[in-house]
Amino acid sequence: MMNNRQLADTFTLIANLLEIKGEIIYKTLAYRKASESLMGLGREASEYWKEGKLEEIPGVGKAIAEKIDELLTTGKLEFLEKLKKEVPEDLATWLPVPTLGPKKIAMIWKTHGITTLAELEAAAKEGKLRDMPGMGAKSETAILEGIASLSRRSARIPLGTAYPLAMEIIGQLLNIKGVVDAQPAGSLRRMRSTVGDLDILVAAKDSSAVMEAFVKLPRVNRVLGKGPTKSSIEFNDGVRAQVWVHPPEKFGTALAYATGSKDHNVRLREIALAKGLSLSEHSFTKVKGGGEILCATEEQVYETLGLPWVPPELREDRGEIQAAKANKLPKLIEVKNIKADLQTHSNYSDGKLTMLEMAQAAAKRGIKVIAFTDHSVSLGVTNGLSIERHKEQAAEIKKIQKKLGDTITVLHASEVEIKADGTLDYPDEFLASLDLVLASLHTSLRQPR
DNA sequence: GCCGTTTTCGGCCCGACTGTTTTCAGTCG
Ligand SMILES: Nc1nc2c(ncn2[C@H]2C[C@H](O)[C@@H](COP(=O)(O)OP(=O)(O)OP(=O)(O)O)O2)c(=O)[nH]1
Ligand SMILES: [Mg+2]
């Protein structure tokens, strides 16, 4: 049975091949949207299917529902098999090459009859691409550089790695004369768990100094583009970053744009159009008769649209527009709302800090309850605690509690191993003496059900 | 191909940068 990812991959492939084929762009868009929608779906599409409700999935209409049905029933799709015969599947592997899109790919394929990435590289090296219409020596070199960049290109970067990197760049940009503000944008500001690149927005009257400094940052491997409003770079490790510079009086529209997501932006722009306004990163303009509204803050952007400000974390076009319209945006849980940390490891097992250090740090962050859930005895690699050592730990926790008074409540707990036979690591009588017990699996994960 | 309290047909966001081009197409954000 195909899962959502496999279905999504199938529709992305269809979109890619259709685009190379030269199909109506909105049709390819529909397949792409359906694919994205499947990726972000909370439930398996097969469940909708069993209930006969496939068309309730956003972006799925009659035609795509029928294709999902065929894929779930047979595991195959006649439409795609036929399409692959018209447009070789290999061509889709060219799309990740920067500067190559569906139009150029189709032209190169039809002119030279080549389909694999290796053939493309060879053709470019032989100088066979430069004579085609709309192409020249530079575009040929760009393709070769693009192919080379594919191997350098890192996967998406975890937020925890990307955020400090971006803040470091922002720190350097803030030092530049004339820079009023610099903020993380894109998926970084939306706090996605991984980001594809580092997007940064700078407020400054004049952009040239920022652009010059940006492309000369340490460890820049190549400059992908450099203009008066936008520049982008690739670092040696393949990580990409881009910066936009807009004047302070446009910072609101610019930040809304740069924060995205793309789909959220499109929704905002549609709402603007319904009000007779055209929204871009620069401003709102009146569709009839002209006239411009500048927004220095995001609040002004949303206010102009008749919406409350939407937290970046929600800007994914996953229902937040509807919620905003109805004034029913959820109140997000923030770090300051966290009152208890009930899963921690101290240096009693595989943690690095002492319990006192951790309890003090937690108290400093406003946390009211901390539970020490060090590993249990059978997890030897983590220095799991014997019952004897638990007694020491209990005594130490008493001392810590005394020292810290009522600033924080310290609980004596354990992350107890569930062993291969399903039993727990300690006898029930001992578990009953703990304040809290977590049970978890670390070994023998491949047993039959 | 999808979608709809202004539409069941006719729209579907809008602009920057590059390289090629004598005014714009393609790609990308
Ligand atoms: N209006 C509009 N804005 C776009 C479009 N594509 C991208 N943007 C805006 C919103 C994005 O959040 C922002 C940065 O683009 P990115 O490609 O870096 O996307 P994002 O950072 O959201 O995701 P990522 O983790 O980088 O894949 O640019 C578009 O087609 N239209
Ligand atoms: Mg990004």
Side-chain angles (χ1 to χ4, degrees), chain A residues 11 14-15 18-20 22-37 54-68 79 94-108 129-143 145-146 185-187 195-201 207 211 215 223-233 240-246 250 253-254 256-285 287 305 317 322 325-326:
Chain A
F11 290 121
I14 291 177
L18 284 178
E19 217 175 339
I20 294 168
E23 182 57 88
I24 309 282
I25 193 68
Y26 296 112
K27 194 183 280 195
T28 71
L29 197 75
Y31 282 103
R32 236 175 264 293
K33 283 220 109 136
S35 174
E36 282 164 15
S37 171
L54 278 176
E55 291 188 43
E56 283 182 13
I57 299 171
V60 174
K62 190 164 172 289
I64 293 180
E66 278 172 7
K67 291 184 175 67
I68 295 176
F79 176 82
W94 296 12
L95 273 170
V97 178
T99 76
L100 270 189
K103 299 278 169 33
K104 284 185 184 173
I105 290 175
M107 189 175 62
I108 296 169
L129 306 183
R130 63 182 66 185
D131 297 329
M132 311 180 59
M135 304 252 297
K138 281 190 179 172
S139 8
E140 197 175 64
T141 309
I143 290 171
E145 275 182 14
S187 49
V195 304
D197 62 358
L198 310 178
D199 300 298
I200 294 167
L201 175 65
S207 74
M211 297 312 186
V215 300
V223 178
L224 303 168
K226 179 164 168 282
T229 64
K230 184 176 94 179
S231 293
S232 87
I233 53 178
R240 290 172 174 220
Q242 71 184 321
V243 69
W244 291 273
V245 182
H246 286 278
K250 295 181 172 179
T253 41
Y257 158 75
T259 300
S261 65
K262 168 184 179 285
D263 289 337
H264 182 84
N265 287 354
V266 170
R267 295 296 302 269
L268 295 188
R269 289 167 183 215
E270 284 170 354
I271 293 170
L273 282 175
K275 291 182 181 299
L277 297 169
S278 170
L279 171 61
S280 77
E281 56 267 48
H282 300 287
S283 64
F284 289 95
T285 50
V287 174
L305 295 168
D317 191 22
Q322 209 186 353
K325 276 182 176 166

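Order of the sequence lines sets the chain letters (A, B, ...), proteins ahead of strands, with each chain counted from 1.
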**Student:** Any Lys/Arg nitrogen of A:E281 or A:R269 sitting under 4.0 Å from an Asp/Glu carboxylate oxygen of the other?
**Tutor:** yes

**Student:** Now, which nucleotide makes the Watson-Crick or G-U wobble pair with B:dC14, with each of the two distances under 3.5 Å?
**Tutor:** B:dG29

**Student:** In this structure, how many angstroms lie between the P atom of B:dG26 and the CD atom of A:E19, rounded?
**Tutor:** 12 Å

**Student:** Taking the C1' atom in each of B:dG11 and B:dC17, what is the distance between them to the nearest angstrom?
**Tutor:** 28 Å

**Student:** To the nearest angstrom, how far is A:L100 atom CG from B:dT27 atom P?
**Tutor:** 7 Å

**Student:** A:A137 near the nucleic acid: base, sugar-phosphate alone, or nothing, with a heavy-atom cut-off under 4.0 Å?
**Tutor:** sugar-phosphate

**Student:** With nearest nucleotides of DNA chain B determined for A:G61 and A:T99 from heavy-atom distances, which residue corresponds to the more 5′ nucleotide?
**Tutor:** A:G61

**Student:** With rounding to whole Å, what would you report as the distance between B:dT18 and B:dG4 at their P atoms?
**Tutor:** 39 Å

**Student:** Please check this pair: side chain of A:T259 against backbone of A:A256, looking for a donor-acceptor N/O pair closer than 3.5 Å.
**Tutor:** no

**Student:** If you check the A:H282 side chain, which of B:dC14, B:dA16, B:dG1 turns out closest?
**Tutor:** B:dA16

**Student:** With a 4.0 Å cut-off on heavy atoms, is A:S278 in touch with a base, just the backbone sugar-phosphate, or nothing at all?
**Tutor:** sugar-phosphate

**Student:** Within a 6.0 Å radius of atom CD on A:Q322, are there more than 12 heavy atoms belonging to other residues, nucleotides or ligands?
**Tutor:** no

**Student:** When the C1' atoms of B:dG15 and B:dT8 are considered, how many whole Å apart are they?
**Tutor:** 32 Å

**Student:** Does A:Y257 contact B:dG29 through a side-chain donor or acceptor facing the base, at a distance under 3.5 Å?
**Tutor:** yes

**Student:** Within the 4.0 Å heavy-atom criterion, would you say A:K33 contacts the bases, only the backbone, or no part of the nucleic acid?
**Tutor:** nothing

**Student:** Would you mind telling me which residue lines up with the more 5' stretch of DNA chain B, A:L279 or A:D197, judged by nearest nucleotide?
**Tutor:** A:L279

**Student:** Between A:K27 and B:dG1, is there a contact of a side-chain N or O with OP1 or OP2 at under 4.0 Å?
**Tutor:** yes

**Student:** Just compare B:dC13, B:dG29, B:dG15 and give me whichever is closest to any side-chain atom of A:D199.
**Tutor:** B:dG29

**Student:** Between B:dG19 atom P and A:K226 atom NZ, what is the distance in whole Å?
**Tutor:** 13 Å

**Student:** Quick check for you: among B:dG29, B:dT27, B:dC2, whose closest atom lies nearest to any side-chain atom of A:K103?
**Tutor:** B:dT27

**Student:** Counting only heavy atoms not in A:I24, do more than 12 sit closer than 6.0 Å to its CD1 atom?
**Tutor:** no

**Student:** When the C1' atoms of B:dG10 and B:dT6 are considered, how many whole Å apart are they?
**Tutor:** 15 Å

**Student:** Calculate the interatomic distance between A:H246 atom NE2 and B:dA16 atom P; express it in whole Å.
**Tutor:** 8 Å

**Student:** Looking only at heavy atoms, which two atoms of A:A254 and A:H246 are closest? And how far apart?
**Tutor:** CB-CD2, 3.5 Å

**Student:** Ignoring the backbone of A:S139, work out which of B:dT27, B:dC2, B:dG19 is nearest its side chain.
**Tutor:** B:dG19

**Student:** Give me the distance, rounded to whole Å, that separates B:dG1 from B:dT5 when you measure between the C1' atoms they each carry.
**Tutor:** 24 Å

**Student:** Could you check which of B:dT27, B:dC13, B:dG1 has an atom nearest any side-chain atom of A:K104?
**Tutor:** B:dT27

**Student:** With heavy atoms under 4.0 Å as the rule, sort A:I24 into base, sugar-phosphate or nothing.
**Tutor:** nothing

**Student:** When the C1' atoms of B:dT20 and B:dA25 are considered, how many whole Å apart are they?
**Tutor:** 9 Å

**Student:** Nearest to the side chain of A:I64 - B:dG29, B:dC14, B:dG1?
**Tutor:** B:dG1

**Student:** Rounded to whole angstroms, how far apart are CD on A:Q242 and P on B:dT27?
**Tutor:** 18 Å

**Student:** Hey, what's the ring geometry for A:W244 with A:Y257, parallel, tilted or perpendicular (30° and 60° as the breaks)?
**Tutor:** perpendicular

**Student:** Tell me: CD of A:E55 to C1' of B:dG4, nearest whole Å?
**Tutor:** 15 Å

**Student:** Can you tell me how far P of B:dT27 sits from CD1 of A:I108, to the nearest Å?
**Tutor:** 9 Å

**Student:** Determine: side-chain N/O of A:Y26 to OP1/OP2 of B:dG1, distance under 4.0 Å, yes or no.
**Tutor:** no

**Student:** In terms of side-chain heavy atoms of A:T229, which of B:dC17, B:dT20, B:dC13 is nearest?
**Tutor:** B:dC17

**Student:** Charged N to carboxylate O under 4.0 angstrom, A:R32 versus A:E36?
**Tutor:** no

**Student:** Say we look at B:dG26 and B:dT22: how far apart would their P atoms be, to the nearest angstrom?
**Tutor:** 14 Å

**Student:** Describe the nucleic acid contact of A:P98 in one word from base, sugar-phosphate, nothing, applying a heavy-atom distance below 4.0 Å.
**Tutor:** sugar-phosphate

**Student:** Should we say atom NZ of A:K103 is surrounded by more than 12 heavy atoms from elsewhere, each under 6.0 Å from it?
**Tutor:** no

**Student:** Please report, rounded to the nearest Å, how far the P atom of B:dC3 is from the CD atom of A:E270.
**Tutor:** 12 Å

**Student:** Between B:dC14, B:dA16, B:dG19, which one does the side chain of A:K138 approach most closely?
**Tutor:** B:dG19

